[in-house]
Amino acid sequence: MIKSRQDILEIQKSYGQALEKAKARLVVCAGPGCVASGSLLVYEALVQELKDRNLYTTVDCLLEAEDEHDGMLAVSSGCQGFCQLGPLVRIEPEGILYTKVKADGDDIAEIVDAVEVRAVVTHLCYHEPHTQKIVSKEEEIPFYKHQTRVALANCGHVDPQDIRSYIHRGGYQGLANALELTPAEVVERVLEANLRGRGGGGFPAGRKWAIAAAQESDQKYMICNGDEGDPGAFMDRSIMEGDPHSVIEGMLIAGYAIGASEGYIYVRAEYPLAVQRLRQTIKEATDHGLLGANILGSGFSFTIRVKEGAGAFVCGEESALIASIEGDRGMSRPKPPFPAQSGLWGKPTVINNVETLANVPQILTKGVKWFRSIGTPESPGTKTFALTGEVENTGLIEVPMGQTLEDIVFTIGGGIRDGRKLKGVQIGGPSGGCLTESHRDISVDFDSLKKVGAMMGSGGLVVMDENTCVVEVARFFMNFIQNESCGKCTFCREGTLQMLQILQRIVDGHGTLEDLDLLVEVGEAVQLGSLCGLGKSAPNPVLSTLANFRDEYISHVVDKRCPSGVCHNLRRLVISEEKCRSCWLCVKVCPVNAISGSRKEPYKINQEKCIKCDACLSVCKFGAIEEVY
Amino acid sequence: MWIDKIFTNESKGVTPMDRTVLDVETTETDFDPGFLEGVLAETGTSTAALIPILQAIQGKYRHLSQEAIHHVASALRLSTATVYGVATFYAQFSLEPKGKYVIKVCDGTACHVRGSIPVYDALRKRVNLQDGRSTTDNRMYTVETVACLGACVLAPVITINDQVYGHVTPDAVNIIIDTLEQEGAQHD
Ligand SMILES: Cc1cc2nc3c(=O)[nH]c(=O)nc-3n(C[C@H](O)[C@H](O)[C@H](O)COP(=O)(O)O)c2cc1C
Ligand code: SF4
Ligand code: FES
């Protein structure tokens, strides 16, 4: 049981001493990326290897141990970030990072051998792609060097299943500090820090808290939004799975500040591990007295429940989320009243995003001044991004607000794969916009992005190269949104359908120039005529690609060509004169008799007749049929 | 082929996270009111319990039958229409039984950009799904798309009963299904 700040400090100290007694700590990444590339097997193999060599130890053994010990700790952590190169294993205290570690073969034995003599297994280290220079320390790898970790400070370091590990890294001291202040002072600190919502809107968390705190009510609720519906984002998932206590602590502080005694964490159905972790963490915190009645002897009581979503993107929107917790169809409700005035079951309710809440304990521990020293004056702090798509280094990153797109895509991301050219960056998912090459120097913060018609969104950053067709991507987002519209507003329900049909026409090769104007017209109507953020922002990807990549749309509708070679119906099938042996096979299979020619001469495909069914392509034995975009 | 073009990046083939045999319950078609009572004992009968209850039933029976919807409605004193409305709103619920293997092809942005649709098409072709159907006649496979599974770095990703496979190519689909069928055969 933890009853006071003293108890927290004692755990921090004893856990730290225990770690120091171990010869090393081997941290295997068990984040989503690494697990899928086999890290759980790596972890098991590592434990087995340590046991076979009699080197295996646990924190509990170390706590008992008198003095230094030959034993090594094996820990499975949350996402360490560089998912691209997983499974990752980090050796502490040195901070050596091993990449692409395999469970079978000699990797594990070599690592343990090296740790014993404090050496480095160079072939498992990161190799600088251009110079082939070996970089053994995590912090010196360019991918990590340019990041600043606040929300992700513990993710990939702590053992998410051990509260002591979180406390060792300073956990729950923010809560202890908060409970020594009055709720109003806590709100004041968060306001001063100008912590803006990381869930997309960038609304100052402190302002929301102040509104809820000012309401008179017998009951108030604190909700953590873990719905993370943006297709292409996994930051919140990584925090919930890799550092769940930071979310709990953030909610506790927020709950105290607004005067709530009950909290909910709403997690997407697609994240079963996050659900399980959070439930386990809530139990652990409750067992330690950090949730429940009279927390740290302050008189403040708080409980948290996990609610699983059931698969609806719109439930990330605050009022739809509330409807869903209440057991209803997840449909948005008109605002005002704002949830902070009248939310869950009509009570004042604050909803904050996972990452927003993970920042809160840090602000309460390290102070407002420290927080404001990171980022820009208007957008202090950092932002996490899921960096994916056609970039060399994909993974989970966190950078100070105000970094340029160039820093993110090129310095951290290592540039575009295979030396291809950057075409654009989709930021903010289906509600966001598309940035182009010309935005390389744009400062990535809430306000600068808004100015160019994009938005921060939750932090999905999908990098597109010259082989990505922006028209097709716009169609993809529209299809997504169309499926997810809750159906309440006519403009959102029908307008998105019309836009989707127009886009479908364009990628199928039947679009016209007028269609482009129609897209803008319908898009603007949808923006105006929709109730919630889903509809209001639905046209963004289309409008921003139309503005930034108009020539690509024109290629599709006028020249009937897809310059990126993606839109299937816009290709032409042609027969290579050199390769064709005039064997007749293709002529026989073509259902529309589009192929003609004589025995001696190469055949030709009549483009007017061809329906692009690919029948000829699949029968030709000489690879003579070519696709031209 | 255009498909190959998309997969020049990282056609590593199959990377399943581990090879433990998937444990799948057999389809229970008859709804057992006793099961619902057990669930109600945990969730209570407030309206807020509706979604968790439907999730429990969906989890066990892999669909919400008409009978189940009626039972839930009367237990919670809601109209059948209300329960039906909720059941059809959320993607997680299906009114038709799903297959023994539920294959979800991630069609989030990252996966889409890196070629999830060719994988989806290959899967449908391999398990022989026609028209708009998503479950095979023998109730072995359900193939559906989902928006982002949160494993974008492994794009394109599929999950089979929540087991994640990364960097899947249309060719790898055949290997994956072969493996499932071999496992199935060993089980029988
Ligand atoms: C359609 C739609 C989907 C949203 N999805 C999410 C989401 O998945 N996660 C999230 O934190 N916020 C999401 N939001 C934003 C929330 O409505 C809300 O602004 C946010 O959770 C507030 O937290 P913050 O102020 O800490 O950012 C979504 C908004 C809309 C309109
Ligand atoms: S804008 Fe769309 S999603 Fe939002 S309430 Fe209206 S119909 Fe529903
Ligand atoms: S999952 Fe291991 S680094 Fe992201």
Side-chain angles (χ1 to χ4, degrees), chain A residues 32-33 35-41 83-84 86 228-234 237-238 268-272 307-313 324-331 386 388-390 394-395 417-418 426 429-430 460 462 464 467-468 473 476-477 480 483-484 486 565-566 568 571 617 627, chain B residues 1-2 5-6 8-10 12 15-19 46-55 58 76 78 82-83 85-93 104 106-118 145-155 157 159 162-167:
Chain A
V35 164
S37 35
S39 74
L40 295 183
L41 295 177
C83 315
Q84 166 98 26
E228 197 163 56
D230 168 1
F234 52 88
R237 170 186 184 164
S238 301
R268 298 179 73 198
E270 287 83 355
Y271 290 173
K307 276 275 176 186
E308 275 177 77
F313 172 67
S324 177
I325 294 185
E326 291 173 357
D328 214 339
R329 290 164 72 96
M331 291 168 94
T388 57
E390 299 299 337
T394 56
R417 269 175 217 252
D418 306 327
Q426 172 69 27
V462 184
M464 303 186 284
N467 293 345
T468 319
V473 169
F476 163 77
F477 281 122
F480 175 82
N483 269 321
E484 296 294 341
C486 83
V566 172
H568 206 55
R571 67 206 156 113
L617 194 68
E627 296 170 292
Chain B
M1 287 276 284
W2 67 282
K5 196 158 129 200
I6 293 189
T8 44
N9 303 318
E10 227 163 306
K12 274 200 281 181
T15 42
M17 70 188 222
D18 58 6
R19 295 269 8 114
S46 67
T47 318
L50 176 57
I51 293 173
I53 293 168
L54 295 181
Q55 282 169 331
Q58 172 79 39
L76 299 194
L78 294 168
T82 305
V83 179
V86 170
T88 50
F89 185 85
Y90 295 98
Q92 199 184 24
F93 304 126
K104 295 184 182 170
C106 179
D107 195 27
T109 321
C111 288
H112 187 81
V113 168
R114 305 199 72 193
S116 53
I117 292 302
T145 57
V146 289
C148 203
L149 293 161
C152 313
V153 288
L154 304 170
V157 177
T159 64
D162 287 337
Q163 188 170 58
V164 182
Y165 295 76
H167 300 305

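Because only heavy atoms are used, hydrogens play no part in the values below, and waters and symmetry mates are left out as well, while side chains stay in. Keep in mind the model is a prediction, meaning the values are calculated, not measured. Every chain is numbered from 1 and lettered A, B, ... according to where its sequence line falls, protein lines coming before strand lines.
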Which residue out of [options] racks up the most heavy-atom pairs below 4.5 Å with chain B?
options: A/P430, A/C486, A/S324; answer: A/S324
options: A/N483, A/T388, A/I325; answer: A/T388
options: A/A310, A/G327, A/G309, A/G330; answer: A/A310

Below 4.5 Å from any heavy atom of chain A, which atoms of B/T145 appear? Answer side chain, backbone, both or neither. neither

In short, B/C111 meets B/C106 closest at the heavy-atom pair CB-O, 3.3 Å

Pick one of side chain, backbone, both or neither for [X], based on which atoms fall under 4.5 Å of a heavy atom in chain B.
X: A/E308; answer: both
X: A/S238; answer: neither
X: A/F477; answer: side chain

Geometric cation-pi criterion, A/R268 with A/Y271: 6.0 Å, 45°: yes

Does some side-chain heavy atom of A/R417 sit less than 4.5 Å from a side-chain heavy atom of A/N467? no

Residues that A/E484 engages under salt bridge (charged side-chain N to carboxylate O under 4.0 Å, His left out), provided they are two or more places apart: none

Hey, can you tell me if B/H112 and A/F476 have their rings parallel, tilted or perpendicular (30° and 60° cut-offs)? parallel

At a heavy-atom distance under 4.5 Å, which candidate from B/V86, B/I53, B/L50, B/V157 has the highest pair count against chain A? B/V86

Under the side chain to side chain donor-acceptor pair (under 3.5 Å) test, residues paired with B/T82 that sit two or more places apart: B/S79

